[in-house]
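One structure is given here, and the rest of the page talks about it.
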Amino acid sequence: MTTGWEAAVEAQIRSAQERGEFDNLPGAGKPIPGRDMPYDEGWWIRSFMEREQIPSDLLLPTPLQLRRRIEQLPAELRDLPTEDAVRSYVAALNTEVVAWLRTPTGPRVVVRPVNVDEAVRRWRADRERGAPAVTAPEPPRAAPARPRRRWRWWRR
């Protein structure tokens with residue numbers, strides 16, 4: 001038994017079929033893509049990202065996005081025309097890093113601000129060489145491990 005609103009919906013669908021509004025739809029007469037594949041919970045986000053051409057880096061947590069941007073920094077700086085543009089680009093990146101350091105979220109990953117003068121020096125060296133290929137930056141050296149002090153206001 002159908003209710004009043006179900007009957008109204010069925011009537012609208014039937015009249016749309018008679019008008020031919022469902023004819024020539026994309027994918028009509030074709031099998032449903034991925035029907036024979038095992039179920040994947042994230043199928044919709046993958047299809048959305050492929051359809052909209054969204055880079056998968058956007059799914060990374062903030063510290064990993066920042067680390068990746070720092071690693072790709074020489075390649076991004078290479079095309080900048082002036083030293084001021086390089087300095088402002090690195091300063092903007094450092095602003096994002098410091099903002100994350102103030103309120104860290106996500107996994108605990110070491111992310112440090114970029115040395116602006118070092119980035120400019122490297123940019124100049126790349127421009128003088130006219131190097132099309134940029135080498136990856138050296139990974140930051142890990143600080144020696146030391147025990148973490150817990151300060152308590154009542155033990156002062």
Any donor-acceptor N/O pair, E21 side chain to A16 backbone, under 3.5 Å: no

Might you confirm whether atom CG of D79 has over 12 heavy atoms from other residues, nucleotides or ligands at distances under 6.0 Å? yes

Output for pair (K30 NZ, L25 CG), nearest 0.5 Å, gives 11.5 Å

To the nearest 0.5 Å, atom CD of E96 lies from atom CD1 of I70 at 10.0 Å

Say you draw a straight line from CG of D126 to CZ of R124; how long is it, rounded to the nearest 0.5 Å? 12.5 Å

Determine the minimum heavy-atom distance between P113 and V98, stating which atoms define it. CG-CG2, 4.2 Å

Between CG of L59 and CZ of R46, what distance do you get to the nearest 0.5 Å? 9.5 Å

Main chain of F22, side chain of Q17: is a donor-acceptor contact present, judged purely on distance under 3.5 Å? no

Are P63 and P107 packed together at the side-chain level, in the sense that at least one heavy-atom pair is separated by less than 4.5 angstrom? yes

In short, I54 meets F48 closest at the heavy-atom pair CD1-CE2, 3.3 Å

Heavy-atom pair with the smallest gap, counting every atom of V97 and L66: CA-CD1, 4.1 Å

Output yes when R69 and D57 qualify as a salt bridge under the 4.0 Å nitrogen-oxygen rule, no when they do not. no

Please determine if R121 and E118 form a salt bridge, counting it only when a charged side-chain N lies under 4.0 Å from a carboxylate O. yes

Are any of the side-chain nitrogens in D117 or R87 under 4.0 Å away from the carboxylate oxygens of its partner? yes

Over 12 foreign heavy atoms within 6.0 Å of CZ, R102: no

Show the nearest heavy-atom pair for residues P55 and M49, with the distance to one decimal. O-CE, 3.6 Å

Count I, L, V, M, F, W, Y as connected when their side-chain heavy atoms are under 4.5 Å apart, and connections chain through other members. Are L58 and W100 then in the same cluster? no

Quick one: does S15's side chain have a donor or acceptor within less than 3.5 Å of a partner on Q12's backbone? yes

Under a 4.5 Å side-chain heavy-atom rule over Ile, Leu, Val, Met, Phe, Trp and Tyr, are Y39 and I45 clustered together? yes

Interatomic distance, CD@E83 vs CH2@W123, rounded to 0.5 Å, equals 6.5 Å

Considering non-hydrogen atoms only, spot the tightest contact between V111 and L101 and give its length. O-CD2, 3.5 Å

Minimum-distance pair of heavy atoms, taken over all atoms of V86 and L80: CA-CD1, 3.8 Å

